[in-house]
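Note that the structure is predicted; figures quoted are calculated from it, not measured. Heavy atoms only: backbone and side chains are in, while hydrogens, waters and symmetry mates are out.
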Amino acid sequence: MHSDLMLDAVRAEAAYRNEELLKAGRSAWAVRARRAVRHLRAAHADVEVPAQERREVERETAGAAKTAR
């Protein structure tokens, strides 16, 4: 009788974990599908996006030259 309860508990745990894995797989698929749709919509929108320009980093802090003199 005890072994029957353990078997039922193990089967329930396996079913629960299987369902959680299936849900995770479905959500990952949905994320990829939404990303693909956004990409296709952006390609058909004909929006010009300017190239990103790299900015130079200024090493000098504000007011450092005044205090060093």
Arg34 CZ to Arg38 CZ distance, which is reported to the nearest 0.5 Å: 7.5 Å
How far apart are the C-alpha atoms of Glu19 and Leu22, what are their side-chain angles, what is the distance that settles it, and do they pass the side-chain contact (heavy atoms from CB on, under 4.5 Å) test? CA-CA 5 Å; Glu19 184 62 31; Leu22 288 174; 4.3 Å; yes
Please determine whether salt bridge (Lys or Arg N to Asp or Glu O under 4.0 Å) holds for the pair Lys23 and Glu20, giving the CA-CA distance in whole Å, both sets of side-chain angles, and the decisive distance to 0.1 Å. CA-CA 5 Å; Lys23 280 197 284 187; Glu20 290 297 312; 3.2 Å; yes
